[in-house]
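Okay, so here's the structure we're looking at.
In the text below, chain A, chain B and the rest are named by the order of the sequence lines, each starting its count at 1.
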Amino acid sequence: MSLRITPYLPEHEDGVAGLNARLAARGVAWGFYRKAVPNWLPPTERGPAETVWQDYYVVTDDQACRGGFVLKPQIFRHEGADIRLTSWQGPVSEGLIDKAYVSVGMLCLREMAQRSENLFCWGGSAKLLPLVEAFGWHRADTNWQIAVVNGGRFARHARILRQRPAVAWLMDLMSRTGLASAAATAWAALRQIGCAQPGLRAVSTEALDERADALWSAVRDQYGTIAQRDAATANRLLKQDGWPDARIFNVFRDGRFIGWGALRLSQKSDDPRFGDMRVGTLLDALSEPGEERAVLSALTQSLRSQDVDLIATYMTHDVWRSGLERLGFFELKHRRAFCATPQMAQAVGGDLPGFLSRAHLTPIDADGPHGI
Amino acid sequence: MDQLNDTLADIFADVMDVDPDDLSLSTSPEDVEAWDSLSNVRLVMALERQFGVQFSTDDIAGWTSLGDIQASLKL
C-alpha cells in the first residue's frame, strides 16, 4: 500500500469515479466530487490574494483513489482584524467499506490540520464527529431555525421531526384534522402582533453593488466574527449561474437600502429530512445595525409568497437568531456541530459557544448549504 | 523484530478490547472486528501519548499490520 495525499487533478477523476462506485455498491450514500475543478468557488488566478476559494484533495493508492477532502480558506473579520480561517468538508474514505483503508480518514484530518493553521468544520456527518473528538479537537453544537408555512404538509413530510413513531402518529393526526395548518397560521399571526414592518421591500438583483460594499465597511466590526462579505466576495459565494442556485435581494425601507439577503427555493423529493416539501432557505443576509429583523422579514415574506411549505436556515449570531425568533421561527437544538482544531479554538478565544453567539455565520459559510 | 512488543500489544488490546495473547506481528485490520477508522485514531493517539512520538503521514499510510506499527515505533 502506498497512500499519498495530493491535489485533485483531472487525471484522478476516473479514480474518484471508481471510489464512488465502490462506496455506492456497499450502500454508502455519499461520495467525492466527480470533477477536479470545484463548481463552487474554484481557485482563481489571484491565488492566496483571493478572499475565498476551495481546494480539493484526494488520497491515492497507485492508480486508485481511496478518499478525498475539501479545504475552503476564507478571510474573516475577527475582533477588528482580518484572519484566514479554513473550513473543511469530508473526508470521504474507502475505510468505510474496506478495512485495509481504516487509516485514510485519520490521514486526511492530519493533512488538513498541517495545511491550515485555523481549521474548522460546521455540519460534519455523524461518522465524522467521533473521529474529531478522538483527536481531541473542540466541538460546540448549533441550531437550525425553521418557520412552518404550510402546517399540513409540514406535519406529513417533516422527517427531521418524525423519527419517533409516537411523534409521527401525532403529526399525522394533526395533519388529517387540519390542526397543523391552523396552528401554523395562528402561530405566525401571533408572532406578527406588534411586529409590523411597514415600507419594506425586497428587490431581486443579479449582483450586489457598491451599496453592499458600503454596508460591509460599516458593519464588519460590529460582529465578533464574520466572513468577508464585500460585494465581490458575496457575489462569488452566491454565483447566479451555478450552485447553490441562490437569488440575491436588496432590501429597502421606504426606498432606503438597509441590507441584502440571498434565498433559495428547492422542491424536495423523498428527502431524508424534508420529505417532499417545498423548502425556502435563507442562505445569507447582512443589514445595517438594528435592521436585522426587517431584512429577515422582507426576505421571508418573499419566500412565503412563493408557496413554500417551510423556511429553514441556520444562523449563529444572537441578534439574527432573535430576529428569526420574533418572526415565528422555531429553533431545532443541537442539529449542526461546529468543530475546530485546538489552534482554531485558541485563535477565536477558546470559548466556542461564546464565539458562535457573537459570530454571524449563515448557511453560505463553511461548506455551504448542503442538505438543506 | 520477531515478536510483538508487550507495551504495544497491551495498548492495542485496551483500545480494541481484545485479548493481547491473540495478537501477533501479522495482525491486520481484517483480523480485528473493532479495528475501524475511529479505533484507529484512538490507537494512534494512545501510542503517541505512551511512546512520546508523533507518527508521520508516511508512517501511518504504510501500516497494514501491527508489525508495521511496531516498525514505526522502532521497538
Any side-chain heavy atom of A:M112 sitting closer than 4.5 Å to one from A:P91?
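Sidechains of A:P91 and A:M112: in contact.
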
Less than 4.5 Å apart, any side-chain heavy atom of A:L41 and any of A:Q74?
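Side chain of A:L41 against side chain of A:Q74, heavy atoms only: no contact under 4.5 Å found.
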
Would you mind telling me which of A:W137, A:W88, A:F338 makes a ring pair (Phe, Tyr, Trp, His ring centres under 6.0 Å) with A:F120?
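It is A:F338, the one option of A:W137, A:W88, A:F338 that forms the ring pair (Phe, Tyr, Trp, His ring centres under 6.0 Å) with A:F120.
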
Given that the side chain runs from C-beta out, which part of [X] has a heavy atom under 4.5 Å from chain B: side chain, backbone, both or neither?
X	answer
A:E133	neither
A:L107	side chain
A:D98	side chain

State which residues pass side chain to side chain donor-acceptor pair (under 3.5 Å) with B:S56; sequence neighbours excluded, sorted by chain then number.
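Applying side chain to side chain donor-acceptor pair (under 3.5 Å) to B:S56 gives B:D59.
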
Tell me, for B:T64 versus chain A, whether the close heavy atoms (under 4.5 Å) come from the side chain, the backbone, both or neither.
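Only the side chain of B:T64 comes within 4.5 Å of chain A.
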
Below 4.5 Å from any heavy atom of chain A, which atoms of B:V44 appear? Answer side chain, backbone, both or neither.
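For B:V44, the side chain is the part near chain A, not the backbone.
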
Show your working on side-chain hydrogen bond (donor to acceptor under 3.5 Å, both in side chains) between A:W122 and A:D367 and close with a plain yes or no.
CA-CA 8 Å; A:W122 191 28; A:D367 58 353; over 6 Å; no

Heavy atoms from other residues, nucleotides or ligands near CD of A:E117 exceed 12 (cutoff 6.0 Å):
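Counting other residues, nucleotides and ligands, CD of A:E117 stays at 12 neighbours or fewer.
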
Under 6.0 Å between ring centres: does that hold for A:Y8 and A:F32?
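Ring-ring flag for A:Y8/A:F32: true, centres closer than 6.0 Å.
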
Inter-chain contacts: residues 16-24 of chain B against chain A, heavy atoms under 4.5 Å
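The list, in residue order, is empty: none.
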
Option among A:R26, A:K99, A:R22 that satisfies the side-chain hydrogen bond (donor to acceptor under 3.5 Å, both in side chains) test with A:E94:
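The passing option is A:R22.
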
Would you name the heavy atoms of A:P43 and A:P38 that are closest together and state the gap between them?
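Nearest pair, atom of A:P43 first, then A:P38: CD-CD, 4.0 Å.
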
Top contributor to chain B contacts, counting heavy-atom pairs under 4.5 Å, from A:G105, A:S103, A:G95:
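Among the listed options, the one with the most contacts to chain B is A:S103.
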
